[in-house]
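The chains referred to below are lettered A, B, ... by the order of the sequence lines, with proteins before strands, and numbering in each begins at 1. Here the structure is a predicted model, which is why all the values come from computation and not from measurement.
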Number of protein chains: 2
Amino acid sequence: MEPVTESAPVRPEDIAALRRFNRYFTRRIGALDDHYLGQDRPLGEARLLFEIGDGASLRELRARLALDAGYLSRMAKALEAQGLVRLTVPPHDTRLRLIELTAAGRAEVEEQHRRADALATGLLTTLTAPQRTELTHALATTQRLLRLAAITVAPVDGAAEDARACLDAYAADIDARFPEGFDKTDLVRPEEVTGEAGAFFVAYEEGRPVACGALRTLEPGVGEIRHVWVHPDARRLGLARRILTELELAAAAHDFAVVRLDTHATLTEAQAMYRACGYTEIPAYVDHVYASHWFEKRLAGAR
Amino acid sequence: MEPVTESAPVRPEDIAALRRFNRYFTRRIGALDDHYLGQDRPLGEARLLFEIGDGASLRELRARLALDAGYLSRMAKALEAQGLVRLTVPPHDTRLRLIELTAAGRAEVEEQHRRADALATGLLTTLTAPQRTELTHALATTQRLLRLAAITVAPVDGAAEDARACLDAYAADIDARFPEGFDKTDLVRPEEVTGEAGAFFVAYEEGRPVACGALRTLEPGVGEIRHVWVHPDARRLGLARRILTELELAAAAHDFAVVRLDTHATLTEAQAMYRACGYTEIPAYVDHVYASHWFEKRLAGAR
DNA sequence: ATATTTCTTTGACTTTAGTCAAAGGAGTCG
DNA sequence: CGACTCCTTTGACTAAAGTCAAAGAAATAT
C-alpha cells in the first residue's frame with residue numbers, strides 16, 4: 001500500500017516563497033549562527049558538544065547526528081583530551097560508552113548559548129516591541145506548518161511495532177486522563193484494521209511515530225474511526241485532522257457509506273474538530289465507559 | 001557618533017522563539033537543501049556556480065561569498081576545466097576576470113533549480129491549499145521582519161559617499177516620478193545636515209545603503225525633515241518609519257521643539273505614515289514645486 | 001615617472017570532514 | 001557453548017575547505 005492522500009497541485013508562488021525564504025534564511029541567519037557558535041572549535045565538535053546535553057551514549061549520538069562510528073569515536077576522544085567531556089562505561093552493557101559534559105564542557109556549552117542569545121538579541125533590538133511580537137507569531141506559524149509538512153502519514157499493519165507503540169501511548173494517555181481509566185482489551189485488534197476489515201495509519205516525524213488512527217468495520221457498510229491519537233510534542237499542528245482525512249479516504253476505499261466515532265465529554269477541541277470536518281452528533285451506537293458523544297459522517301466518495 | 005535608537009529590552013520569549021526556529025530550520029531544511037543541491041559536486045563549487053548568475057567578476061564573487069582569493073581562483077579554474085564556465089578579461093581593466101556560465105553551466109544551474117523546486121514541492125504537497133497559503137504569508141512576514149531587523153541605521157556625514165549615493169537615487173526617483181521633475185540644487189547641502197545644524201542618516205542592509213533621511217534647521221527651534229527615501233528593493237519593510245524615528249530622536253537631541261516636512265500629493269502612503277506617526281497637516285511653510293502637503297509634529301522629548 | 005594599490009595566480013600548507021574495513025571485546029539467542 | 005550481532009576503536013585513507021604569503025601584471029594616485 002502507498003499513501004492515499006490526494007492533493008491539489010502545488011502553486012508555483014508557494015514554491016517560490018519557500019525557496020526565497022530558504023535562501024535568505026540560510027545565507028543570512030544560519031551561516032551567522034554556525035560561525036559564531038563554533039568560534040575556535042571545529043563545527044563538528046561544537047555540534048557534538050551541544051548535543052550531549054545531560055549525557056548520552058555514543059550510540060545515541062551516532063544515530064541522532066548520523067555520524068560515522070569512527071569519526072564520532074575520534075571526536076569524543078578529542079573532546080575528552082580537551083577536558084570537556086568524560087567517557088564512562090555503563091555497567092549494564094560494557095560495550096557502550098556514555099559521554100557527559102565536565103564542568104568545563106558545561107561552561108563551554110553555556111558560552112555557546114550565551115553567544116546564540118546575544119546574536120538573537122542583537123537582531124531583535126532594532127525591532128519595535130509590536131514587530132517582535134509579530135515576528136514571534138510568524139516564526140511559530142512557519143515552524144508549525146513546516147513541521148506538519150515534514151510529517152508523513154503511512155498505512156501500517158496493526159500489529160507492527162510502531163502501531164503498538166502508538167496504541168500503548170494512546171491507552172496510557174486515556175488511562176491517565178480519565179477517572180474511568182482505560183481497559184487495554186478495548187483497543188482494536190490487529191486483524192480488525194487490516195485488509196478488507198479496516199486500516200491503520202501512523203504519522204512519522206523524522207522517523208518517529210507521532211500520531212495514529214484506526215478504522216475498523218462496525219457493521220456492513222459502516223466504518224468506525226478509533227484511537228485517533230497525537231503525541232504530546234506534536235499537538236496543535238493540525239495532525240489529527242490529517243489522520244482523520246486519511247482514515248476517511250481509506251473508509252471510502254473500503255466502500256463504507258458512513259463512518260462513526262465516539263469521544264469523551266471533556267475533549268471539547270476534538271469535538272469541535274469533528275464538527276468542523278463534517279461530522280454530526282448522533283445517539284450512542286455503542287457503549288464505552290469513557291465515551292459520551294457519538295458522531296457520524298456520510299462519505300461522498302464511496303465507490 | 002553612535003546610533004541613537006533607544007528600545008525596550010528584548011523579551012526572553014522572543015529570543016527563545018527565534019532560536020528555536022533557527023535551530024529547527026537549519027537542522028531540518030537548510031541541511032537538506034545543501035545536500036540535494038550539491039549532489040556530485042563539492043558544495044563550494046555548487047554555490048559558486050549558483051552565484052555567478054548572468055556573469056560577474058571574481059572580485060564581486062569574492063566579496064559576496066567572502067572567499068579567499070586563492071581558493072576562489074582555483075575553484076573558478078576547476079569549473080572552467082569542467083566546461084561549466086568561461087573566464088574572460090574585461091577590456092576596461094585587465095586585472096579583473098569575468099566569469100560567466102557556458103551552456104553546460106547554465107544547464108547545471110537549471111538542474112539545481114529543478115532539484116530545489118522538487119524539494120520544496122515535496123514539502124508542500126502534504127499541506128492543504130489553505131495551509132500552503134498560510135505558510136507563504138508567514139514566510140513573507142518572517143522574512144520581512146528579519147530583513148528589517150538586520151538593517152542598521154547610522155548617522156553619516158552629509159558629504160559621505162553613501163549619503164550622496166542615496167540623495168542621487170532620491171533625486172532620480174523624484175525626477176522620474178513627477179512631471180515637475182526635480183532640481184538637484186534643491187537637495188540639502190552637507191553643511192546643513194552636520195553637527196549643530198542637522199543630521200543625516202543612512203540605513204544599511206548587508207553593507208549597502210538602502211535608505212536615508214535628512215534633518216536640517218528650518219528656523220531656530222524648528223527642524224525640517226527632508227529626503228526620506230527608501231531603495232525600491234527595501235520598500236514595504238517599515239524602513240521609512242524607522243528613519244523617521246531616528247530623525248525625530250536627532251531633532252529632540254538638537255533641541256528642536258517642532259519638526260516639519262512636506263510631501264507630494266500622490267504619495268498617499270507617505271502621508272498616511274506621517275499621520276500615523278503623530279504628524280498633523282499644516283499650511284505651506286515653504287514653497288517647493290513638488291510639495292503639496294505640509295506636516296508638523298511637536299516633539300515631546302526636547303531637552 | 002614613480003610609488004602605491006588592486007586583483008589574480010601559484011605554491012605550499014593545514015585543518016576539517018568524512019569513509020571504509022579490520023579487529024576485538026561484550027552481549028544475546030538458540 | 002558457540003554462533004551471531006552489537007558497539008567501539010584503530011589504521012589508513014581521501015576529498016574538501018580554507019589559509020598564507022609571494023609574485024606579477026595592471027591600474028591609480030602623487
Output side-chain donor-acceptor pairs under 3.5 Å for residues 58-69 of chain A, partner residues at least two apart or in another chain, one line each.
residue	atom	partner	partner atom	Å
E60(A)	OE2	S57(A)	N	3.3
R64(A)	NE	E51(A)	OE1	3.0
R64(A)	NH2	E51(A)	O	2.7
R64(A)	NH2	E51(A)	OE1	3.4
D68(A)	OD2	G70(A)	N	2.9
D68(A)	OD2	Y71(A)	N	3.1

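Judged by distance alone, with hydrogens and angles left aside, the side-chain atoms of T102(A) form no donor-acceptor pair with the main-chain N or O of R86(A) at under 3.5 Å.
Remark: D157(A) CG to F200(A) CZ distance equals 10.0 Å, nearest 0.5 Å.
Distance, K77(A) NZ to dT8(D) P: 14 Å, rounded to whole Å. L43(A) places its CG atom 19 Å from the P atom of dA16(D), with the value rounded to the nearest Å. Nucleotide dT9(D) holds its P atom 10 Å from the CG atom of L96(A), rounded to whole Å. With rounding to whole Å, R95(A) atom CZ is found 13 Å from dT5(D) atom P. At whole-Å resolution of the value, CG in L48(B) and P in dA16(D) are 15 Å apart. To the nearest angstrom, P of dC6(D) lies 11 Å from CZ of R62(A).
The stretch residues 66-75 of chain B comes close to DNA chain D through D68(B), Y71(B), R74(B), each having a heavy atom under 4.0 Å from the strand.
Annotation: side chain of V156(B) is not in contact with side chain of F201(B) (no heavy-atom distance under 4.5 Å).
If you check the side chains of H231(A) and R208(A), you find no donor sitting under 3.5 Å from an acceptor.
The two residues E45(B) and A78(B) come nearest to each other via the heavy atoms OE2-CB, 3.8 Å.
In summary, R115(A) and E111(A) engage in a salt bridge, as defined by a charged side-chain N under 4.0 Å from a carboxylate O. The pair R164(A)-E161(A) fails the salt-bridge criterion, with no side-chain N (NZ, NE, NH1 or NH2) lying under 4.0 Å from an Asp/Glu carboxylate O.
You can see that DNA chain C meets the heavy atoms of chain A within a 4.0 Å-exclusive cut from dT16(C) to dG27(C), reading 5' to 3'.
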